[in-house]
Amino acid sequence: MSQVRVRFAPSPTGFFHIGSARTALFNWLYARHTGGVFVLRIEDTDQARNSEEFLNVIYDSLTWLGMTWDEGPKVGGAFGPYRQSERAHIYAEYLEKLKASGRTYEKDGALFFKISGEPQIIDDAIRGRVERVEEKDFVIVRSDKTPVFHFVNVVDDITMAITHVIRGEDHLSNTSKHTELFKALGAPLPVYAHIPLILKQNGPGKMSKRDQGALVEEYQRRSYIPEALVNFLSLLGWNPKDDSEKMPIAEIIRRFDLPGVNQSNARFDDKKLAHMNMAYMLEMPAARFCELARAHFRRHQLAAGDWPDGAYFGEVMALAQPKIKAIDELPGYTVYFFAEDYPIDPKVREKVLAKGEPAARLKELIEVLRTADFSSDAAVESAIKTLAASTNLGFGDYQSVARLAVSGTNVGPSITGMFRVLGKDRVLARMERFLAGL
RNA sequence: GUCCCCAUCGUCUAGCCCGGUUAGGACACCACCCUUUCACGGUGAGAACCGGGGUUCGAAUCCCCGUGGGGACGCCA
């Protein structure tokens, strides 16, 4: 049996759509699953869209998601070149073949392909038998002599020896044009597999560039975990038939197959993606979390990105990692670890100050903490508990006002960990400053 | 309008091919538990076979017709 060759053929538009990512992923998974070849081909026949910058968007997104290509730009291969803008001579050659067969004619300066009109039958790997009759001759070369998509797409698939065409269902109606061309050129049909589309999460229609969460770069910017996005995307239209959801990529590759792909469109659900992202973050090694956090802070030009004290930075991240749902929450979640002018949430302030005698609690706390041991969470905890026991109050009576004074909010890591990492001097200084402002 | 594809909880889906299930899981939502705030986690609840005809002892499952959703109908890709 010959080796599977699949291709992902994006057009450089300047952005990378989540639907494109899923199409690329299904192709890539199928190649990896079968031990086949994943080809990247750039459909850049439209000169206006042809820029290095736009190409980099494609390379960056695929690389970020971990989808390496076996043949294509940058890596080469025996079937190149892999950019349509460099394949004009190949199209000219195949055009001659088609002309010689008498299946073309010129009209209004454009070259038309004469269809057979026979029913075109494909045995789609996902949908089964699909029959459609192409009813009109169509243009294959524009009057400006440039070949159109349907023609170059088929010629490339033939000359690149593509065995499986895995693409969005929006191409299903185009397939009759393509099979007509394959036959006219005397080439065997590839196996087609039309995957369902991703629908926007609110409102009608498929997801488009303008929809919230539609662009891969958005997840990159927000420092989502690429493995989580890939895992989520793999489950949009495919599933392993048991209840597995979170799976390492090796397992997804092992279990993925075309017959397991659904036939119906799927609505995008950012909540489920967020949940998947959190699950990946929770079990990530601390070192990697720190790296991603550093990069995120830097990207947003925050001081923490280049914080000189690596050990301190690591301690703060260790407190945050198990608590947040996504890395883009980090700047807000950890402000007070990296600055003294952290904001005080007015609503929380009002709420906390309205209850009990916060000023008195704070004074007691300051007294006790002055001589307390800050070297471990347990030591800090024991100091506060001893105090609470002596005043017949609860830990919580001290915790809420202390948290407000030291962090400005009511959400965050455990107060003991927060104190330990911040250190005695800063904790006391903040409490005194807060007390003075009451 | 014509052609093509699709149809199970709000969402992603298992079950359908090879008719018999209390129609399962996950996200979301709600309640409770855990608890040092906030999360995580745990337990539980509510929530679906689009409609109508057939076939059959029996239909989510097979067939037909509606309806609904999606896509394609470019000298875009």
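Labels below follow one simple rule: chain letters A, B, ... track the order of the sequence lines, proteins then strands, and each chain is numbered from 1.
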- Take the protein atom CD1 of A:I195 and the nucleotide atom P of B:rC6, then report the distance between them rounded to whole Å. 15 Å

- Looking at every strand, decide which applies to A:N262 at a 4.0 Å heavy-atom threshold: base, sugar-phosphate, or nothing. sugar-phosphate

- Message: Applying a 4.0 Å non-hydrogen cut-off, can you work out what A:G394 is touching in the nucleic acid: base, sugar-phosphate, or nothing?
- Response: nothing

- Whichever of A:E135 and A:L235 has the more 5' nearest nucleotide on RNA chain B, that residue is A:E135

- Message: Measuring from the side chain of A:D243 (C-beta onward, heavy atoms only), which nucleotide among B:rU13, B:rA77, B:rG24 has the closest atom?
- Response: B:rG24

- Could you classify B:rC40 for me, syn or anti, using a glycosidic angle within 90° of 0 as syn? syn

- Given the C1' atoms of B:rC9 and B:rA23, what is the spacing between them in whole Å? 10 Å

- Query: Salt bridge between A:R127 and A:E169, side-chain N to carboxylate O under 4.0 Å?
  - Reply: yes

- Are A:P226 and A:Y219 close enough that some pair of their side-chain heavy atoms sits under 4.5 Å apart? no

- Query: From the list B:rU37, B:rU11, B:rC4, which nucleotide is the closest neighbour of the side chain of A:Q399?
  - Reply: B:rU37

- Item | Lys/Arg N to Asp/Glu carboxylate O, A:E367 vs A:R370, below 4.0 Å | yes

- Message: Looking at A:K272 and B:rA26, is any side-chain donor or acceptor paired with a base atom of the opposite kind under 3.5 Å?
- Response: yes

- Would you say the ring centroid of A:Y342 lies under 6.0 angstrom from that of A:F337? no

- Query: At under 4.0 Å between heavy atoms, what does A:E381 touch on the DNA or RNA strands: base, sugar-phosphate, or nothing?
  - Reply: base

- Of the listed nucleotides B:rC6, B:rA77, B:rC4, the one nearest the side chain of A:R142: B:rA77

- Sugar-phosphate, base or nothing in reach of A:L273, heavy atoms under 4.0 Å: nothing

- Query: Taking atom P in both B:rG15 and B:rU55, what distance in whole Å separates the two?
  - Reply: 29 Å

- Item | Note: A:R255-A:D242 ion pair, threshold 4.0 Å (strictly below) | yes

- side chain to side chain donor-acceptor pair (under 3.5 Å) partner of A:Y82, the single match among A:E71, A:R7, A:R41: A:E71

- Task: Run the salt-bridge test on A:K114 and A:D137 with the 4.0 Å N-O cut-off and return the result as yes or no.
- Result: no

- Counterpart base for B:rC73, defined by Watson-Crick or G-U wobble contacts under 3.5 Å: B:rG1

- Message: Applying a 4.0 Å non-hydrogen cut-off, can you work out what A:R127 is touching in the nucleic acid: base, sugar-phosphate, or nothing?
- Response: sugar-phosphate

- Distance, rounded to the nearest Å, where A:D269 contributes CG and B:rC29 contributes P: 11 Å

- Message: Ignoring hydrogens and geometry beyond distance, is the side chain of A:K323 in donor-acceptor contact with the base of B:rC40 at under 3.5 Å?
- Response: no

- Item | Complement of B:rA23, any strand, by Watson-Crick or G-U distances under 3.5 angstrom | none

- Name the nucleic acid region contacted by A:A266, choosing base, sugar-phosphate or nothing; use a 4.0 angstrom heavy-atom cut-off, strictly under. sugar-phosphate

- Task: Using a heavy-atom cut-off of under 4.0 Å over every strand shown, decide if A:S264 touches base, sugar-phosphate, or nothing.
- Result: sugar-phosphate

- Considering only side-chain heavy atoms of A:K241, which listed nucleotide, B:rC40, B:rA77, B:rA14, is closest? B:rA14

- Message: If you compare every side-chain N and O of A:K271 against the phosphate oxygens of B:rC12 (OP1, OP2), does one of them come in below 4.0 Å?
- Response: no

- Message: From OH of A:Y280 over to P of B:rC40, roughly how many Å is that when rounded to an integer?
- Response: 19 Å

- Query: A:Q263 has an atom CD; how far is it from atom C1' of B:rU8, in whole Å?
  - Reply: 14 Å

Could I get a table of every N or O pair under 3.5 Å where one atom is in the protein and the other is in nucleotides 71-73 of chain B?
from: B:rG71; atom 1: OP1; to: A:K206; atom 2: N; distance (Å): 3.1
from: B:rG71; atom 1: N2; to: A:S173; atom 2: OG; distance (Å): 3.2

- Message: One thing to verify: whether A:R83 and A:D44 come together as a salt bridge, which I'm taking to mean a side-chain N less than 4.0 angstrom from a carboxylate O.
- Response: yes

- Touch check for A:G396, heavy atoms < 4.0 angstrom, all strands: base, sugar-phosphate only, or nothing? nothing

- Base-pairing mate for B:rG66 - Watson-Crick or G-U, with both contacts under 3.5 Å: B:rC50

- In whole Å, what is the span from the CG atom of A:L236 to the P atom of B:rC6? 18 Å

- Item | A:R420 with A:E315: basic N within carboxylate O range, under 4.0 Å | yes

- CE of A:M247 versus P of B:rA26: gap in Å, rounded? 15 Å

- Note on the structure: Contacts of A:E245 and A:G260 projected onto RNA chain B by closest heavy atom; the upstream (5') one is A:G260

- Note on the structure: Taking B:rC12, B:rC38, B:rU36 as options, the one with an atom nearest any side-chain atom of A:T416 is B:rU36

- Task: Tell whether A:K351 reaches the base of B:rU37 with its side chain through a donor-acceptor pair below 3.5 angstrom.
- Result: no

- Query: Can A:E180 and A:R103 be counted as an ion pair, charged N to O under 4.0 angstrom?
  - Reply: yes

